[in-house]
Amino acid sequence: MTDAAGRGQPTEGSPQAAPSLSLEKSPQPPAEGPVLRFESVRKSFGRRHVVLREVSLDVPAHTVTALIGASGSGKSTLLRCANLLEEIDDGAIHLDGVEITDLRTDADAVRRRIGVVFQAYNLFPHMTVLENITLAPRRVLRLPRDEAEERAHTLLARLGLADKASEYPDRLSGGQQQRAAIVRALALRPRLLLLDEITAALDPELVGEVLTVVRDLKADGMTMVLATHEMTFARTVADQVCFLHDGVVLERGTPEQVFGAPRQERTRQFLRRVTEAGRL
Ligand SMILES: Nc1ncnc2c1ncn2[C@@H]1O[C@H](COP(=O)(O)OP(=O)(O)OP(=O)(O)O)[C@@H](O)[C@H]1O
Ligand SMILES: [Mg+2]
């Protein structure tokens with residue numbers, strides 16, 4: 001799925017070649033630096049509620065970064081900041097070496113390059129799966145209908161939903177809806193995917209099929225950042241695991257290191273609680 005994985009240089013006519021944001025004039029070629037870089041990011045809600053105090057983090061190309069941490073530790077906020085759904089107070093976020101938190105940035109151009117899938121799949125109920133998936137490519141990328149549909153059918157087949165194109169979302173299982181939401185994000189051929197608790201609303205027996213999709217995307221080279229309470233998932237799919245606590249990335253390392261030999265007492269406490277809750 002090389003096309004969906006966003007590998008390689010942008011080609012003319014691809015979403016990466018969108019003219020507005022000066023991403024093409026990146027000071028460093030995309031392949032060399034991290035795809036996404038958080039640099040001393042600060043974010044508060046109101047005057048006193050500091051959620052991200054000082055978050056610095058690099059997401060290298062074709063890797064999976066898992067954000068873990070207690071409820072309220074800021075995982076979703078960090079993802080929302082990367083997609084410019086939240087404005088940061090200080091610091092910077094870079095996409096392929098270009099600062100996207102610069103006020104002059106065209107937020108829509110950034111969002112075209114960053115696919116997002118949230119816990120609630122948010123498919124439009126009055127549209128078929130195919131219509132849901134082709135909507136943004138047609139409206140945002142201005143793809144002709146047949147091209148958008150061809151792209152959608154290819155992705156649906158890859159994610160095991162070939163026979164669901166003309167169904168309405170409520171005729172799909174939760175796992176199928178979530179996979180359709182992933183297809184919708186992939187249809188814009190994003191540079192990276194942000195996945196926020198994409199299995200949280202699913203029955204346990206449906207979790208596996210969504211996780212398989214994430215593993216397959218990783219094998220295809222897609223760069224992903226995911227927030228999850230599924231520690232087993234983080235452990236098996238992530239290249240790096242970041243433990244958010246008190247507004248910082250308190251611990252970062254390979255899954256083996258963070259889960260197997262956590263350095264920080266806070267990380268150990270968190271993992272103990274998770275283990276007691278049967279999630280590790
Ligand atoms: N729009 C908002 N306005 C005010 N406070 C907010 C807003 N969004 C998030 N917060 C607060 O920021 C903190 C971090 O929330 P966030 O949703 O990022 O946590 P999380 O780590 O994703 O938690 P969970 O694991 O439960 O999803 C919480 O205390 C939350 O109440
Ligand atoms: Mg969250």
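No hydrogens, no waters, no symmetry mates; every other heavy atom, side chains included, goes into these values. Numbering of ligands and ligand atoms starts at 1, following listing order.
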Checklist outcome for this item: Closest to atom 14 (C) of ligand 1 among protein heavy atoms sits G72 O, 3.3 Å

Checklist entry - Do T232 and E230 have side-chain N/O donor and acceptor atoms under 3.5 Å apart? => result no

Item to check | Hydrophobic cluster identity match, L206 and L195, side-chain contacts under 4.5 Å | outcome: yes

Checklist entry - Are any side-chain N or O atoms of D58 and backbone N or O atoms of R37, one a donor and one an acceptor, separated by less than 3.5 Å? => result no

Checklist entry - Is any side-chain N of the basic residue among D220 and R158 closer than 4.0 Å to the acidic one's carboxylate O? => result no

Next on the checklist: What protein heavy atom lies closest to atom 26 (O) of ligand 1? Include the residue and the distance to one decimal.
Outcome noted: S71 OG, 2.5 Å

Item to check | Joint hydrophobic cluster, Y168 plus L130, side-chain heavy atoms closer than 4.5 Å | outcome: no

Checklist entry - Hey, what's the ring geometry for F243 with H245, parallel, tilted or perpendicular (30° and 60° as the breaks)? => result parallel

Checklist entry - Can we say D196 and K75 salt-bridge, meaning some charged N sits less than 4.0 Å from an Asp/Glu carboxylate O? => result no

Checklist entry - How many protein N, O or S atoms are found at a distance of less than 2.8 Å from the Mg ion (ligand 2)? => result 1

Next on the checklist: Can you tell me if A227 contacts ligand 1 (heavy atom of the residue under 4.0 Å from the ligand)?
Outcome noted: no

Next on the checklist: One thing to verify: whether E147 and R142 come together as a salt bridge, which I'm taking to mean a side-chain N less than 4.0 angstrom from a carboxylate O.
Outcome noted: no

Checklist entry - Do you reckon V248 sits in the same ILVMFWY cluster as L271, going by side-chain contacts under 4.5 Å, direct or chained? => result yes

Next on the checklist: For ligand 1 and G74, I'd like to know whether there is a polar contact (N/O to N/O, distance under 3.5 Å).
Outcome noted: yes

Next on the checklist: Need the ligand 1 atom indices (1-based, order shown) with element for anything under 4.0 Å from a heavy-atom of S73.
Outcome noted: 19 (O), 21 (O)

Checklist entry - Of all the non-hydrogen atoms in the protein, which one sits nearest to atom 27 (O) of ligand 1, and at what distance? => result S76 OG, 3.9 Å

Next on the checklist: Measuring from non-hydrogen atoms of A200 to any atom of ligand 1, is the shortest distance under 4.0 Å?
Outcome noted: no

Checklist entry - Which atoms of ligand 1 sit under 4.0 Å from any heavy atom of V51? => result 12 (O), 13 (C), 14 (C)

Next on the checklist: Under a 4.0 angstrom heavy-atom cut-off, which atoms of ligand 1 come close to A70?
Outcome noted: 21 (O)

Checklist entry - So, does T199 use its side chain to make a donor-acceptor pair with the main chain of L202 at under 3.5 Å? => result no

Next on the checklist: Can you tell whether the side chains of R268 and E265 come within less than 4.0 Å, N to carboxylate O?
Outcome noted: yes

Checklist entry - Just going by heavy-atom distances, which of D196, T77, L52, L244 is nearest to atom 16 (P) of ligand 1? => result T77

Next on the checklist: Looking only at distances, can you tell me whether any N or O atom of F45, backbone or side chain, sits closer than 3.5 Å to an N or O atom of ligand 1?
Outcome noted: no

Checklist entry - Quick one: do the Q178 and E209 side chains pair a donor with an acceptor below 3.5 Å? => result no

Checklist entry - Is H49 in contact with ligand 1, taking contact as a heavy-atom separation below 4.0 Å? => result yes

